[in-house]
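Here the structure comes first, spelled out in structure tokens, and everything after it is commentary.
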Amino acid sequence: MAPDGDTVFGKILRGEIPCDQVYGDDQCIAFRDVQPQAPVHLLVIPREPIAQLAEATDAHQSLLGHLLLVAARVARQEGLQSWRTVINSGAEAGQTVFHLHVHVIGGRPLAWPPG
Ligand code: AMP
């Protein structure tokens, strides 16, 4: 994360770098992950730059619910009937971009538990 808290997803939201967007509304956008881990790999991100789930508060309750509903919407839009939603919170959990995001992964059998 840059010192001012900006991230690559902030740049995407401002249109400074491109993305393959599949959905957008006043609260969030969804786009294809640049390094897909499955045939379908989307990211749903809030327009508000919350760094990670650990920093979300009660004030974000509605937004967090909205992100999950959009995750399901874009998964169905991609033709998926089963998929996985993942939110990594913190570096040890695998978070690399510190702008809250929901992964939507599907299109192949997925093993459990994850690594
Ligand atoms: P995480 O490791 O949970 O923080 O996930 C970050 C995700 O963002 C990774 O799956 C990256 O492949 C993805 N990513 C990073 N930069 C971009 C980008 N410019 N466009 C789309 N996805 C990106």
Side-chain angles (χ1 to χ4, degrees):
M1 184 163 54
D4 62 356
D6 194 20
T7 68
V8 66
F9 293 169
K11 291 180 170 50
I12 287 174
L13 283 164
R14 293 193 300 273
E16 294 169 10
I17 61 173
C19 74
D20 188 354
Q21 186 172 330
V22 298
Y23 177 84
D25 63 27
D26 61 333
Q27 296 181 76
C28 68
I29 64 170
F31 53 91
R32 296 188 195 284
D33 195 294
V34 76
Q35 287 188 295
Q37 302 301 312
V40 176
H41 188 167
L42 306 173
L43 301 170
V44 184
I45 71 170
R47 293 190 184 277
E48 181 180 342
I50 305 162
Q52 55 184 317
L53 187 59
E55 294 180 16
T57 70
D58 289 350
H60 298 116
Q61 183 169 324
S62 171
L63 173 61
L64 292 173
H66 183 69
L67 295 177
L68 290 180
L69 290 173
V70 169
R73 176 183 178 139
V74 294
R76 287 193 298 267
Q77 190 173 292
E78 293 292 312
L80 299 178
Q81 293 181 323
S82 298
W83 63 86
R84 183 170 295 167
T85 49
V86 174
I87 302 174
N88 296 321
S89 185
E92 282 194 25
Q95 186 174 5
T96 58
V97 179
F98 284 81
H99 182 127
L100 175 66
H101 50 282
V102 181
H103 294 260
V104 177
I105 300 166
R108 66 168 171 81
L110 298 169
W112 189 264

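Read the numbers this way: they start at 1 and go in the same order the structure lists the ligands and their atoms.
- Backbone and side-chain nitrogen or oxygen atoms of His103 are examined, and one is located within less than 3.5 angstrom of a nitrogen or oxygen of ligand 1.
- Salt-bridge formation is not detected for the pair Glu78/Arg73: no Lys NZ or Arg NE/NH1/NH2 atom is positioned less than 4.0 Å from an Asp or Glu carboxylate oxygen.
- By the criterion of a heavy-atom distance under 4.0 Å, the backbone of Arg32, and not its side chain, is placed next to ligand 1.
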His66 and Asp25: side-chain hydrogen bond (donor to acceptor under 3.5 Å, both in side chains), yes or no, with the steps?
-> CA-CA 11 Å; His66 183 69; Asp25 63 27; 2.6 Å; yes
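- Given atom 2 (O) of ligand 1, the protein heavy atom at minimum distance is Gly94 O, 2.8 Å.
- The shortest N/O to N/O separation between His41 and ligand 1 does not fall below 3.5 Å.
- Close approach to Gln35 involves these atoms of ligand 1, each under 4.0 Å from a residue heavy atom: 12 (O).
- With respect to atom 1 (P) of ligand 1, the closest heavy atom belonging to the protein is His101 NE2, 3.1 Å.
- In this structure, His101 NE2 and Asp33 CG are separated by 8.0 Å, a value rounded to the nearest 0.5 Å.
- When Val34, Thr96, Ile45, Leu43 are ranked by how near their heavy atoms come to atom 15 (C) of ligand 1, first place goes to Val34.
- Nearest to atom 12 (O) of ligand 1 among the protein's heavy atoms is Asp33 OD1, 2.5 Å.
- For ligand 1, the polar-atom distance check against Phe31 finds no nitrogen or oxygen pair separated by under 3.5 Å.
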